[in-house]
Structures are given as structure tokens and as C-alpha cells.
Number of protein chains: 2
Amino acid sequence: MARKTGSNGEKTARDLRRAATSLFARHGYAAVSMRQIAQAIGVQAGALYLYTPDKQSLLADLMATHMTELLDAWQAEADAGAAPEDRLEQFVRFHIGFHAGRPDEVFIAYMELRNLEPDNLALLQKQRRAYEDVLEDILKSGVAAGRFDIPDTRLATMALIAMLTGVTTWFRSGGRLTLEEIEETYLSMVRGAVGLT
Amino acid sequence: MARKTGSNGEKTARDLRRAATSLFARHGYAAVSMRQIAQAIGVQAGALYLYTPDKQSLLADLMATHMTELLDAWQAEADAGAAPEDRLEQFVRFHIGFHAGRPDEVFIAYMELRNLEPDNLALLQKQRRAYEDVLEDILKSGVAAGRFDIPDTRLATMALIAMLTGVTTWFRSGGRLTLEEIEETYLSMVRGAVGLT
DNA sequence: GTCTATATTACGATAGAC
DNA sequence: GTCTATCGTAATATAGAC
């Protein structure tokens, strides 16, 4: 009971982020008004400005938070000492699992880059690049160990991330395939694509 | 000289489509105003309504035209009688080549679905599905012929199209790699992913 | 912390002159 | 075919009461 009666700030702050994430993903940042967000959480539009200095900062914060969580989650479970093929498998499972559980955040992180102002865009591109480098490092180590057959690790990185991230555009929990089945299929395609026998 | 002096309608109509395509791709449909489009082609905002009944129709028309051109272009060069692995190669080269030459249209076709009104969305999803079926038919024929090793052709279709379309997000003519080099690399990754030896 | 009220600006679309 | 002018609406953001 850290908060006073009638004071709802922390809950409203959480609701705001959740509502904005959902609305931005569904309709796009530019198409969503502050009034819509306010209505979704049951406050007046003016009250939103207690929690964010402006609409742009809200978008930038949602995107940066998502990328930070992504990078932290990987750091927490990565095993840098494992063999390249095992690290690749771990990455594929991690990427699909993490992204499938956050379809709205992923959608925003990929679709709303163009609505970020320059400073915010620069930060996000740095974070994306750091995540791409995670996979590229794995591919490089596999090539160095003679386990992977990849002419250009940068190109393969972009290709594989695009393939894996695409899952979020059509995956729905409870659909035709379980996440485990999808992971298996994608893993075998990724293995084939990098030339693992 | 089919047109009268001082009459510029056909050129303006072309300019309108080109400017709208560029602006929608760069900033997003919802973020672009009719005034911006008008300014880009040097007319007043009101004049745009001589060429489109409204902003939504303009978007829907651009997207449907792109998909129609994509499907027609494939029909014009597809060789349905060839062996599965040859048809797959042809599709990969076609897809990369066609999409790399139209980055703005591709961007819009994938990003602005959520801004289409229901009737327009239904048409576009039908067209997308038809294009996805092109690849899935190839994969199915390869599986039937014992040439491809694919547990789920629908899943593989979505994965491969996501991978191939991703090229447009970073490919720039004159960059580090030529389109031919990219085609070769992607082709070898696709071959591996479908289990072609 | 949330409210009402409002300043300011911009939007999509239309009317009618030329 | 394009213009100017404008209607009606809605946007972001702020001010100040409670």
C-alpha cells in the first residue's frame, strides 16, 4: 500500500503504455490521436501529459524499451562458449519465442521507424544494429569453424532475421501450428540456409 | 500531340501517383496530408480531387495497381512446365528483381494494409494470397517430386517470402553488393532452406 | 491526479471563379 | 484544369480550477 487513496498514477502510467502499444500497432502512430489513447484508458486527453512530455516521446520510449528488453533477454540466456550450431539453434528459438510473445511491440519497432525524430531514430538504429550483430557473430564463428557455408555473413544475417521476424505477422496462439512446431520448422530451414548438413 | 495547349491532366495524374507513392513510403499514409502531395507536384490541394475521389481511394489504387503488376509480371514469364528446382530459382530471381526495383511500392503494400478500409483490404489480401500461392505451388510440386524436404509448405512459403522481401529494406543500387550477387546468395540460402542438395 | 476549457494549428473535402 | 477561399472538424498541447 505505497500509494494514497484516490491516487492512481502508477496504474495509469502502465495503462497508458499498454493502450498506446496496442493502438499504435493496430492503426499506426500517425493515425492514432492522444484523445483515442486517453479514451482507451478512461482519462481525459490532457491527463496524458502527466506521463509523457509529448506524443513523439511516448513512441520513442515504447520502442527503446522494447529493444532494451530484447537485448537484455538475450544477454541473460546467451551461452557464448557453446558451439556455433548450438548458438545458432539457441538464437533461432529465442528470437521466435521472444517475438511471438510481443507481436505489437515488434510491429511498432519495425513499422514506426519513419515516424521517429532524428535523435530517437539514431538510438533505435544503434540498438537494432547491436541485435543484428548478435546473429552475425554467431554466423562468423560458424564460418571460422568451418561449420557454416555462407558467402556473406552480413547478407545472411539480414535474410535470416527477416525470415524469423516474419513469424509475428501471421502467428496466432491457438492456430494451426504450435510455437514448438514452428520453431522446429524454422530451425531446419535456417540450418539448411547456412549450409549445415 | 493528343492534348491541348495548357492542358496537363495526364502528366498531373502521373505526378500525383508518383508523389503519393514516394511520400506514403517515406512518412506513412496517415502522416501525409493532401496538401503535402499537392505541394510536391506543384498544384493546389483542391486540384487533387480531379484525379482521385478521396485520399483512401488513392492509397487503395496504388496498392492494388502494384499487386496487379506483380502478378501480371510473373504470369508473363512463368514457365509452369519446368522442373521444381528451376521454377524455384526463377521465382527467387523474379521476386528479388521485381521488388528491388520498386522499394516504395513494396513498402506501402506491406505497411499500409492497416490503413485500408474493409473492402479495399479484402481485395488486397486476395491478391497477396494469390501471389503466395505461386510460391507454395512450386514448393508443393517439389515435395511431390521428392526434390524438396519441407514439412509444411505453407509455413515455408511465408518464411521464404519474408526473407526475400526483406531485401527491399536495405538494398540500395550502387551499394556494397550488386543485385546479381544478392540473388546468388539468396538463391543458395533458399535452396538450402528447402533441403535441395 | 484529473478535470474542463481553450489556444492554435492543421486536416480532408467542396464551391465557384476563371 | 487549376485557382482561391472556405466549411466543418479534429489534432496536439497548455492553463488553471479542484
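Chain letters run A, B, ... following the sequence lines, proteins first, then strands; residues in each count from 1.
Considering all non-hydrogen atoms of both residues, A/Ser57 and A/Thr52 come closest at CB-OG1, 3.9 Å. Contact between A/Leu160 and A/Ala193 at its shortest, heavy atoms only, is CD2-CB, 4.2 Å.
A cation-pi contact links B/Arg128 to B/Tyr110, judged by a cut-off of 6.0 Å to the six-membered ring centre and 45° from its axis.
Exactly one of A/Tyr131, A/Phe98, A/Tyr186 qualifies for a ring-ring contact (aromatic ring centres under 6.0 Å, His included) with A/Phe91. That residue is A/Tyr131.
The main-chain N or O of B/Ala162 is never found under 3.5 Å from a side-chain atom of B/Thr165 such that the two would form a donor-acceptor pair.
Note: CD (A/Gln36) to P (D/dA11) measures 7 Å, nearest angstrom. Between the CZ atom of B/Arg35 and the P atom of D/dT2 there is a distance of 18 Å, rounded to whole Å. With rounding to whole Å, A/Tyr29 atom OH is found 14 Å from D/dA11 atom P. In this structure, the CE atom of A/Met34 is 6 Å from the P atom of D/dA13, given to the nearest Å.
The aromatic rings of B/Phe24 and B/Tyr29 lie perpendicular to each other, with more than 60° between the two planes, well past the 30° mark. Below 30°, between 30° and 60°, or above 60°: for B/His66 and B/His99 the angle between ring planes is above 60°, a perpendicular geometry.
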Exercise for review: Could you check B/Arg191 against B/Glu85 for salt bridge (Lys or Arg N to Asp or Glu O under 4.0 Å), going step by step and ending with a plain yes or no?
Suggested key: CA-CA 8 Å; B/Arg191 285 183 197 276; B/Glu85 53 264 46; over 6 Å; no

Original post:
Under the salt bridge (Lys or Arg N to Asp or Glu O under 4.0 Å) criterion, do B/Arg93 and B/Glu184 qualify, and how do the steps go?
Top reply: CA-CA 9 Å; B/Arg93 293 188 189 281; B/Glu184 294 306 322; 3.0 Å; yes

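Residue B/Arg114 places its CZ atom among more than 12 non-hydrogen atoms of other residues, nucleotides or ligands, all under 6.0 Å distant. Counting heavy-atom neighbours within 6.0 Å of B/Gln39 CD, excluding the residue itself, gives a total of 12 or less. Within a 6.0 Å radius of CG in A/Asp72, other residues, nucleotides and ligands contribute more than 12 heavy atoms.
Near DNA chain D, defined here as any heavy-atom distance below 4.0 Å, there are no residues from residues 13-21 of chain A. Within residues 52-66 of chain B, the residues that have a heavy atom under 4.0 Å from DNA chain C are, in order of number, B/Asp54, B/Lys55. Of the residues in residues 38-51 of chain A, A/Gly46, A/Tyr49 come within less than 4.0 Å of DNA chain D through at least one heavy atom, sorted by number.
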Determine all donor-acceptor pairs shorter than 3.5 Å in which one atom belongs to a side chain in residues 150-158 of chain A; sequence neighbours excluded.
{"from": "A/Asp152", "atom 1": "OD1", "to": "A/Arg154", "atom 2": "N", "distance (Å)": "3.1"}
{"from": "A/Asp152", "atom 1": "OD1", "to": "A/Leu155", "atom 2": "N", "distance (Å)": "3.0"}
{"from": "A/Asp152", "atom 1": "OD1", "to": "B/Arg176", "atom 2": "NH2", "distance (Å)": "3.3"}
{"from": "A/Asp152", "atom 1": "OD2", "to": "B/Arg176", "atom 2": "NH1", "distance (Å)": "2.8"}
{"from": "A/Asp152", "atom 1": "OD2", "to": "B/Arg176", "atom 2": "NH2", "distance (Å)": "3.3"}
{"from": "A/Thr153", "atom 1": "OG1", "to": "A/Glu136", "atom 2": "OE2", "distance (Å)": "3.0"}
{"from": "A/Arg154", "atom 1": "NH1", "to": "A/Glu136", "atom 2": "OE1", "distance (Å)": "2.8"}
{"from": "A/Arg154", "atom 1": "NH2", "to": "A/Glu132", "atom 2": "OE1", "distance (Å)": "2.5"}
{"from": "A/Thr157", "atom 1": "OG1", "to": "A/Thr153", "atom 2": "O", "distance (Å)": "2.7"}

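Between the side chains of A/Thr65 and A/Arg17, a donor-acceptor pair is found at a separation under 3.5 Å. There is a side-chain donor-acceptor pair under 3.5 Å between A/Asn115 and A/Glu112.
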Each nucleotide N or O in nucleotides 16-18 of chain D that has a protein N or O under 3.5 Å away: list the pair and distance.
none

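Taking a pair as Watson-Crick or G-U wobble with both distances under 3.5 Å, the runs of three or more consecutive pairs in DNA chain C are C:1-18 with D:1-18.
Proximity of A/Ser33 to the phosphate of D/dA11: a side-chain N or O atom is located under 4.0 Å from OP1 or OP2. Put simply, B/Thr12 has no side-chain N or O that comes within less than 4.0 Å of OP1 or OP2 on D/dG1.
Both A/Leu48 and A/Leu23 belong to a single network of hydrophobic side chains, linked directly or stepwise wherever heavy atoms of I, L, V, M, F, W or Y lie under 4.5 Å apart.
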